[in-house]
Amino acid sequence: LYGQVALTGKSTRFLEGSEAMGRWFEVNAFRLGGADSRKVALLFSDITQRKKIETQLEEKVKERTEELENLYQELKRSNINLQEFAYAASHDLKEPIRKIHFFSDRLKSELEEQLTANQLRLFNRLELASKRMATLIDDLLAYSQTARGGAEQDKIDLNVKLRHVLEDLELEIEEKSAIIKADPLPKIKGNRRQFQQLFQNLISNALKYTQPGIVPQINITAETIKGHEAQYHLPAEKEDKTFHQIEVRDNGIGFEQADAERIFNVFTRLHGNTEYRGTGVGLSIARKVVENHDGYIWAQSEPGKGATFIILLPVDENL
């Protein structure tokens, strides 16, 4: 054995090993007699088997950690490849779909006087299908671009951004006689295009799922809160952080709270396409935008009582 025992107290415990013999011992040293006594009792315990087990466990943990890291890197590469494929495929499909729509419309115009009612109906169905496909491709492109991250970030006045979105949706708002009220919104640092997508998707969603015979009302509110005040389970390190909390509340058809998380999945639709048009991508884009800016988004709703989408965005003290 090698090493030494420092007798500074009643009892000193330490581990020693003999590399030559390949054995490990636990040694406990006890002073006998008074404080000035030079008599010492040593208790040796062979812990070789325990050390072997500990070493084996450490090796297994190390191997498993390396395996998990390799799996994580592979999953990361796969996600990047999938995003690139979605972007490339969607981009390449735009032109063929545009041509299908263009030539079908041209052919219908040239043959219009000769077409029977059934043939005209088939042409209309073809045009509708091509438009739906074009919309889906646009949504996929938007999602794949958003999935790439926050990209360039600037100082954004969300009041200005919201005003631009409402201008884009002016016709739809007028058609439904919708009433939209908004509190003053904060200034943040983020990607302009992505926040355009965020508000456009949330407000379009509220305008789409309205109740028959009821004037749509959308209220947008904002306040500053601490993480622990949010009605959402945040990581412990975020509880003392300051956030902008923005709520988009409507009086539409609502949904079951059990579906509140599922609606953010890509292509998830709670209603048939004959009732409400859509691709099921908009809310997925909204969540991705918020996540790209280190924020959180969730929904609260009841059937027939509208829905509220709550967004948390970190406060930038430098703005």
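For clarity, every value in this text was computed on a predicted model and none was experimentally measured.
- With hydrogens and angles ignored, the 3.5 Å screen pairs no side-chain donor or acceptor of Ser301 with any backbone N or O of Gln257.
- When side chains are defined from C-beta on, Gln119 does not count as touching Leu111, because their heavy atoms never get closer than 4.5 Å.
- No side-chain donor-acceptor contact under 3.5 Å links Asn251 to the backbone of Gly306.
- Atom NE2 of His164 and atom CD of Gln200 lie 12.5 Å apart (nearest 0.5 Å).
- Criterion: ILVMFWY side-chain heavy atoms under 4.5 Å apart, direct or through other members. Under it, Leu185 and Ile203 are part of a common hydrophobic cluster.
- Counting only heavy atoms from C-beta outward, the side chains of Ile218 and Leu207 approach each other to under 4.5 Å.
- Side-chain contact between Leu198 and Ile311 is present, with heavy atoms from C-beta onward closer than 4.5 Å.
- Between Asn124 and Arg121, the side chains place no donor N or O within less than 3.5 Å of an acceptor N or O (distance only, hydrogens not considered).
- Residues His244 and Lys187 approach most closely at NE2-O, 4.0 Å, considering heavy atoms.
- Across every non-hydrogen atom of Pro186 and Ala222, the tightest pair is CD-CB, 4.1 Å.
- The same ILVMFWY cluster, assembled from side-chain heavy atoms under 4.5 Å apart, contains both Val165 and Ile188.
- Each of Ile310, Ile220, Asp183 was checked for a side chain to side chain contact (heavy atoms under 4.5 Å, CB included) with Glu247, and the lone residue meeting it is Ile310.
- At a cut-off of 3.5 Å, with distance as the only test, a side-chain donor of Thr48 or Asp46 sits close to an acceptor on the other residue.
- Using a 4.5 Å heavy-atom cutoff, the side chains of Leu158 and Leu162 are not in contact.
- In terms of hydrophobic clustering, with Ile, Leu, Val, Met, Phe, Trp and Tyr side chains grouped at heavy-atom distances under 4.5 Å, Phe199 and Tyr296 are assigned to different clusters.
- For the pair Asn191/His293, a side-chain contact is recorded, criterion being any heavy-atom separation below 4.5 Å from C-beta on.
- Leu107 and Leu122 fall into different hydrophobic clusters, where Ile, Leu, Val, Met, Phe, Trp and Tyr residues are linked whenever their side-chain heavy atoms come under 4.5 Å apart, directly or through other members.
- Under a cut-off of 6.0 angstrom, the local environment of NZ in Lys305 is sparse, with at most 12 non-hydrogen atoms contributed by other residues, nucleotides or ligands.
- In terms of heavy atoms, Thr308 sits closest to Arg249 at OG1-NH1, 3.1 Å.
- Contact annotation: the side chain of Leu202 approaches that of Leu283 to within less than 4.5 Å [non-hydrogen atoms, C-beta and beyond].
- Under the 3.5 Å distance criterion, the side-chain polar atoms of Glu302 are left unmatched by any main-chain donor or acceptor of Gly254.
- Here the shortest heavy-atom pairing between Phe243 and Lys238 reads CE1-O, 3.6 Å.
- More than 12 non-hydrogen atoms from other residues, nucleotides or ligands lie less than 6.0 angstrom from NZ of Lys108.
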*Given Trp24 and Thr55, is the side chain to side chain contact (heavy atoms under 4.5 Å, CB included) satisfied, shown in steps?*
CA-CA 12 Å; Trp24 286 86; Thr55 302; over 6 Å; no

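- A salt bridge links Lys51 to Glu54: at least one charged side-chain nitrogen sits closer than 4.0 Å to a carboxylate oxygen.
- Trp298 and Ile246 fall into different hydrophobic clusters, where Ile, Leu, Val, Met, Phe, Trp and Tyr are joined by side-chain heavy atoms under 4.5 Å apart, directly or via other members.
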Donor-acceptor pairs under 3.5 Å, side chain of residues 225-234 to any protein atom, not counting sequence neighbours: which ones?
from, atom 1, to, atom 2, distance (Å)
Lys226, NZ, Asp240, O, 3.4
Lys226, NZ, Thr242, OG1, 3.0
Glu229, OE1, Lys226, N, 2.8
Gln231, OE1, Gln300, NE2, 3.1

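- Lys62 and Glu58 are not joined by a salt bridge, as no carboxylate oxygen comes within less than 4.0 angstrom of a charged side-chain nitrogen.
- Between Arg64 and Glu67 a salt bridge is recorded (basic side-chain N to carboxylate O distance below 4.0 Å).
- Put simply, the side chain of Arg192 never gets that close to the backbone of Ile156: no donor and acceptor are under 3.5 Å apart.
- Classified by interplanar angle (parallel below 30°, tilted 30° to 60°, perpendicular above 60°), the ring pair Phe264/Phe309 is perpendicular.
- Proximity of a side-chain donor or acceptor of Gln245 to a complementary backbone N or O of Thr224 within less than 3.5 Å is not detected.
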